[in-house]
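The next block holds one structure in the form of structure tokens; read it before the comments.
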Amino acid sequence: MKKLTLDELVSLCKRRGIIFLTSEIYGGYAGFFDWGPVGVELRKNVVDSWWNYFVRFREDVYGLFGAIIMHPKVWEASGHVDRFIDWLVECKKCHARYKAEELIEEQGIEITDYSPQNLERIIREHNIRCPNCGGELSEPKKFNLMFETYVGSVKSEEAIAYMRPETAQGMFINFKIYSVYARNQLPFGIAQVGKVFRNEIAPRNFIFRCREFEIAEIEYFINPAEANECPYFSEVKNVTVKIWTKEMQKKEQEPKEMSIGEAYDEGVFSNMWHAYWVGESLKWLNKIGLSMENLRVREHLETELAHYSAQTFDIEYNFPFLGWKEIEGIANRTDYDLKRHAKFSGEKLYMVINGEKIIPHVIEPSWGVERVILALLTEAYSVKENRVVLKIPYELAPYKVGVYPLLKREPFIKKAREIFMQLKNDFEAFLDISGSIGKRYARADEIGVPFGITIDHQTLEDDTVTIRFRDTWEQIRVKTSELKETLNKYLNK
RNA sequence: GCGCCGGUAGUCUAGAGGUAGGAUGCCGGCCUCCCAAGCCGGUGGCGCGGGUUCGAGUCCCGCCCGGCGCACCA
């Protein structure tokens, strides 16, 4: 079968009202996207599925809908201000870029004043040149991956606030409230879905890398003394997937297919809870339609670990047009964040359980919603007889059922309206009377509508209609009185 | 952000100094009892700004957007 290209997917997303670049009448705006009538339903269904699976249908995870702009100190405590803001100098000859402070410190010069004026003065006085080609260096330029804004009406340095670049900190700053809500027991988790903002240098590959995107994330707090006591582990131990540990990567070995249970026994994971969350993540991704063959678990090398992480696994999806790419990360953040916030805020961020003071450790599964949906669309995209059929799992389909009069005239239209009115309160339904019947089926297939109800001549005689199935194009005939029940059966409701 | 390449109706594409053409979609009509059918009619376009030229999708400059490579990816 021909490989799907990103261009084909982008084209479908635009022409069918799913996702498209924002502000196109002004030439577009890189890294920002709008979701159309179909996309907005799809996104909502995916997020609902996630929320049900990880929050509502669990005993131990609590939801949060946190602020996008938080106290600026949050980002000092988290380490983002230090690690997201740099003064960079650029070589005027070869255009290589360097952190100013690193170049200066490499010369054995101690910096006491980190202001850009002073950094530049040191570079000029010591005649520091490009280590690559010896070229002259530019003045230091501020390089900030966080979007800044000003809170209050005065635009001063003191008024700078940041658009959150991750949702995690919203959970950490509310740890006390949630630990009480969880009745002072471990483990428990806090879940949040929301927009985050990162001022990427080069947004690319459609919605794969954007500047404004959505994260679905859980911070799961465990007792470090009980890190290998996960009562749910039997639910994931047989999940089997390709796993690529850092050792395998260093030895240039291929990923190895193994179960989560086997991998845990072999010591692949930092602890049992970490293994559990990798397994649960895979189960949900598989549930929403991503096949296990297209998923793999890759451990981060030491060099790519985030400053807060003891061990991270990426769940990667094999995009036909991008190769294996991260759609979710599962990090062991240990007690890094709670300790940092305790230090910066002066609050006591620990729990006392049975007289013992415990700073919980954190396992953090973190999904990129756009990336998951890109994988979902990729997996669902299929071609049948030269037509696109989007085989989205029924529960996620933006519309469930289309109603079509076979011919565009009375009394077919009247009867179709009746059926539509009968269905619309129970299903995401629409009525389409425009164009030939084949054209209407084709349009519905492109946005993944699972069922089509057709009103034909026989309907007018015996009050039966046909149900057409998106994936097979087969039709069955049912009484209109049994339509709702039959559709529910197929939808597994 | 750097380098190379590109940008023509909603989508896909022809045109490379001289009247912007096609396909498809969409809308209306005729026809049609089931898979983008047929016929007729309609809708809609050179990314933005400046320059060169009698004349610019076409050549030049800047910007924007996209693809690829590098860098970045906490």
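Here the structure is a predicted model, which means the values were calculated and not measured. Just so it is clear: chains get the letters A, B, ... in the order the sequence lines come, proteins before strands, and each one is counted from 1. Values below: every heavy atom of this structure, side chains too, minus hydrogens, waters and symmetry copies.
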In Watson-Crick or G-U wobble terms, both distances under 3.5 Å, what is the partner of [N]?
| N | answer |
| --- | --- |
| C39(B) | G29(B) |
| U11(B) | A23(B) |
| G1(B) | C70(B) |
| C48(B) | G62(B) |

Worksheet item: Is R440(A) close enough and on-axis enough to Y404(A), meaning under 6.0 Å and within 45°, for cation-pi?
Response: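 Cation-pi check for R440(A) and Y404(A): fails.
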Round to a whole Å and report the spacing from [atom1] of [X] to [atom2] of [N].
| X | N | atom1 | atom2 | answer |
| --- | --- | --- | --- | --- |
| Y308(A) | C73(B) | OH | C1' | 11 Å |
| K415(A) | C33(B) | NZ | P | 21 Å |
| W473(A) | C34(B) | CH2 | P | 16 Å |
| N205(A) | G66(B) | CG | C1' | 11 Å |
| L21(A) | G10(B) | CG | C1' | 15 Å |
| F208(A) | G67(B) | CZ | P | 13 Å |
| Y29(A) | C64(B) | OH | C1' | 11 Å |
| D7(A) | G67(B) | CG | C1' | 8 Å |

Worksheet item: Are the side chain of N174(A) and the backbone of G170(A) linked by a donor-acceptor contact shorter than 3.5 Å?
Response: yes
Practice prompt. Using modelled atom types only, decide if a donor and an acceptor are shared between the side chain of R371(A) and the backbone of F208(A) within a distance under 3.5 Å.
Written response: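 Checking the backbone N and O of F208(A) against the side chain of R371(A), a donor-acceptor pair under 3.5 Å is found.
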Worksheet entry | Of V465(A), I437(A), I467(A), the residue whose pairing with T454(A) passes side-chain contact (heavy atoms from CB on, under 4.5 Å) | I437(A)
Practice prompt. Please assess K14(A) against E24(A) for the test salt bridge (charged side-chain N to carboxylate O under 4.0 Å, His left out), listing each intermediate value before the final yes or no.
Written response: CA-CA 12 Å; K14(A) 187 166 183 195; E24(A) 285 203 330; 2.9 Å; yes
Discussion item. Side-chain N or O of T454(A) versus OP1/OP2 of C34(B): is the shortest distance under 4.0 Å?
Written reply: no
Worksheet item: Does OP1 or OP2 of C35(B) have a side-chain N or O of N386(A) closer than 4.0 Å?
Response: no
Worksheet item: Base, backbone or nothing for each nucleotide of nucleotides 24-31 of chain B, written B, S, -, heavy atoms under 4.0 angstrom, 5' to 3'?
Response: -SSSSS--
Fill in: Annotated protein contacts, base or backbone, on nucleotides 41-49 of chain B with a non-hydrogen cut-off under 4.0 Å, one of B, S, - each
---------
Would you indicate what [X] reaches in the nucleic acid, counting non-hydrogen atoms under 4.0 angstrom: base, sugar-phosphate, or nothing?
| X | answer |
| --- | --- |
| R209(A) | base |
| L12(A) | nothing |
| I201(A) | base |

Worksheet item: Between S11(A) and Q475(A), who's closer to the 5' end of RNA chain B by nearest nucleotide?
Response: S11(A)
Worksheet item: Taking the nucleotide of RNA chain B with the closest heavy atom to each, which residue, K14(A) or G438(A), is nearer the 5' end?
Response: K14(A)
From the list [options], which nucleotide is the closest neighbour of the side chain of [X]?
| X | options | result |
| --- | --- | --- |
| R477(A) | C35(B), C65(B), C34(B) | C34(B) |
| L406(A) | C12(B), C68(B), C34(B) | C34(B) |
| L407(A) | G1(B), C33(B), C72(B) | C33(B) |
| R15(A) | U11(B), G1(B), C35(B) | U11(B) |
| A202(A) | C68(B), A71(B), C34(B) | A71(B) |

Worksheet item: Looking at F197(A) versus F213(A), is the centre-to-centre ring distance below 6.0 Å?
Response: no
Between the side-chain atoms of [X] and the base atoms of [N], is any donor-acceptor pair under 3.5 Å?
| X | N | value |
| --- | --- | --- |
| Y404(A) | C34(B) | no |
| R204(A) | C72(B) | no |
| E385(A) | A36(B) | no |

Please give the distance between the [atom1] atoms of [N] and [M] as a whole number of Å.
| N | M | atom1 | result |
| --- | --- | --- | --- |
| U24(B) | G44(B) | C1' | 13 Å |
| U53(B) | C48(B) | P | 23 Å |
| U52(B) | C59(B) | C1' | 8 Å |
| U13(B) | G7(B) | P | 11 Å |

Worksheet item: Can you pull the salt bridge (Lys or Arg N to Asp or Glu O under 4.0 Å) pairs that have at least one residue in residues 444-461 of chain A, sequence neighbours excluded?
Response: R15(A)-E446(A), R16(A)-E446(A), R387(A)-D445(A), D445(A)-R468(A), D456(A)-R477(A)
Practice prompt. Dump the intermediate steps for salt bridge (charged side-chain N to carboxylate O under 4.0 Å, His left out) on E482(A) and K489(A), then the final yes or no.
Written response: CA-CA 11 Å; E482(A) 291 164 8; K489(A) 194 184 86 196; over 6 Å; no
Sorted by number, the residues of [range] with heavy-atom contact under 4.0 Å to RNA chain B:
| range | answer |
| --- | --- |
| residues 314-334 of chain A | none |
| residues 30-41 of chain A | A30(A) |
| residues 456-470 of chain A | D456(A), H457(A), T466(A), R468(A) |

Worksheet item: When you check the gap from the basic side-chain N to the acidic O, do E166(A) and R333(A) get nearer than 4.0 Å?
Response: yes
Discussion item. In terms of relative ring orientation, are F221(A) and F175(A) parallel, tilted or perpendicular, with 30° and 60° separating the classes?
Written reply: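 Because their plane-to-plane angle lies in the 30° to 60° range, the rings of F221(A) and F175(A) count as tilted.
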Discussion item. I'd like to know whether T149(A) forms a side chain to side chain contact (heavy atoms under 4.5 Å, CB included) with Y162(A), so could you lay out the CA-CA distance, the side-chain angles of the two residues, the decisive distance to 0.1 Å, and finally the verdict.
Written reply: CA-CA 6 Å; T149(A) 186; Y162(A) 303 99; over 6 Å; no
Item to complete: Give the intermediate values and the outcome of salt bridge (charged side-chain N to carboxylate O under 4.0 Å, His left out) for residues E326(A) and R298(A).
Response: CA-CA 9 Å; E326(A) 176 194 2; R298(A) 187 182 72 81; over 6 Å; no
Discussion item. I'd like to know whether K479(A) forms a salt bridge (charged side-chain N to carboxylate O under 4.0 Å, His left out) with D463(A), so could you lay out the CA-CA distance, the side-chain angles of the two residues, the decisive distance to 0.1 Å, and finally the verdict.
Written reply: CA-CA 6 Å; K479(A) 288 188 180 140; D463(A) 212 30; over 6 Å; no
Item to complete: Apply side chain to side chain contact (heavy atoms under 4.5 Å, CB included) to the pair R296(A) and I243(A), showing each step before the final yes or no.
Response: CA-CA 6 Å; R296(A) 78 175 180 195; I243(A) 297 181; over 6 Å; no
Worksheet item: Side chains of H274(A) and F313(A): closer than 4.5 Å at any heavy-atom pair?
Response: yes
